[in-house]
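Down below is the structure, laid out as structure tokens.
Position 1 is the first residue of the sequence; numbering continues from there.
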Amino acid sequence: MESQLVVLAPIAVVWLAAGIVADGLPRLDRARALRRRTGWLLALTLTGLGATAAVLLTGLASTGDTLADRAAAGVTLAAVPGIVVAVCAVRRAGRLRRGAQALATAPDTPAPYGLRATAAHPLIVLPVQVTALATVPPLLATVGVDLTAGPGRTGPAITVGALVVIAIGVRHALRHNRLAERALPPALTLATAPGSARPAGALHV
């Protein structure tokens with residue numbers, strides 16, 4: 001168990017750090033800080049993806065009940081959200097960093113709401129945080145805290161995990177929408193507000 005913990009703990013720490021960094025990106029109101037933190041996010045996610053893939057490939061190449069097999073079984077739960085991170089989050093984070101780089105001409109250059117809305121996009125934050133959460137149960141299992149051990153515990157554990165993921169997704173979607181609305185021009189914001197009066201002469205389509 002201890003040798004397995006040595007493999008799983010660094011991977012969990014990297015993913016948890018990436019989740020914390022990703023969650024804080026939309027709060028940054030300076031372009032240079034947003035560029036720097038997005039660089040940290042890219043470094044952490046690429047490190048996490050590389051370590052997770054290395055453990056999985058090593059487990060596939062080994063035979064029997066070895067350390068590599070046990071470690072690979074521990075990171076299997078993180079493989080699916082990790083794929084979403086590789087396909088969606090890394091690409092979007094790269095675009096976000098390039099956008100912040102274009103605006104970071106001075107230390108106090110503000111980050112526009114549109115850029116912060118991009119930073120809050122659920123396809124950046126949610127996959128990273130779900131992957132981080134997926135590394136926690138196998139890590140706890142290595143120290144004797146198995147959340148699914150015992151009869152009748154697997155179903156509730158899966159249900160609680162699904163509810164947590166849904167709650168995180170809703171939170172990020174609401175934050176993204178709020179920042180995206182602030183990025184709209186004032187006239188357009190008023191025109192699209194619920195109950196707003198239609199401008200005179202506007203066509204009904």
Is it true that a side-chain atom of [X] and a backbone atom of [Y] form a donor plus acceptor pair closer than 3.5 Å?
X      : Y      : answer
His172 : Leu126 : no
Asp23  : Gly19  : no
Arg116 : Pro26  : yes

What heavy-atom pair brings [X] and [Y] nearest, and what distance separates the two atoms?
X      : Y      : answer
Thr105 : Thr109 : OG1-OG1, 3.5 Å
Pro81  : Val130 : CB-CG1, 3.8 Å
Leu56  : Ala72  : CD2-O, 3.6 Å

Rounded distance [0.5 Å steps], [atom1] in [X] versus [atom2] in [Y]:
X      : Y      : atom1 : atom2 : answer
Leu133 : Leu16  : CG    : CG    : 7.5 Å
Leu25  : Thr38  : CG    : OG1   : 4.5 Å
Arg30  : Leu103 : CZ    : CG    : 12.5 Å
Leu49  : Ile11  : CG    : CD1   : 11.0 Å
Arg35  : Gln101 : CZ    : CD    : 5.0 Å
Asp108 : Asp29  : CG    : CG    : 9.5 Å

Is the shortest heavy-atom distance from the side chain of Thr52 to the side chain of Thr135 under 4.5 Å?
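They are not in contact (no side-chain heavy atoms under 4.5 Å apart), so the answer is no.
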Are the side chains of Ile124 and Val128 in touch, meaning some heavy atoms are under 4.5 Å apart?
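Sidechains of Val128 and Ile124: no contact.
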Between Thr45 and Trp15, do the side chains contain an N or O donor and an N or O acceptor separated by less than 3.5 Å?
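On atom types as modelled, these side chains do not qualify, holding no pair under 3.5 Å.
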Extract all donor-acceptor atom pairs below 3.5 Å that involve side chains of residues 82-97 and protein atoms in other chains or at least two apart in sequence.
none

With Arg178 via side chain to side chain contact (heavy atoms under 4.5 Å, CB included) - residues at least two apart:
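So Arg178 forms a side chain to side chain contact (heavy atoms under 4.5 Å, CB included) with Arg175, Arg182.
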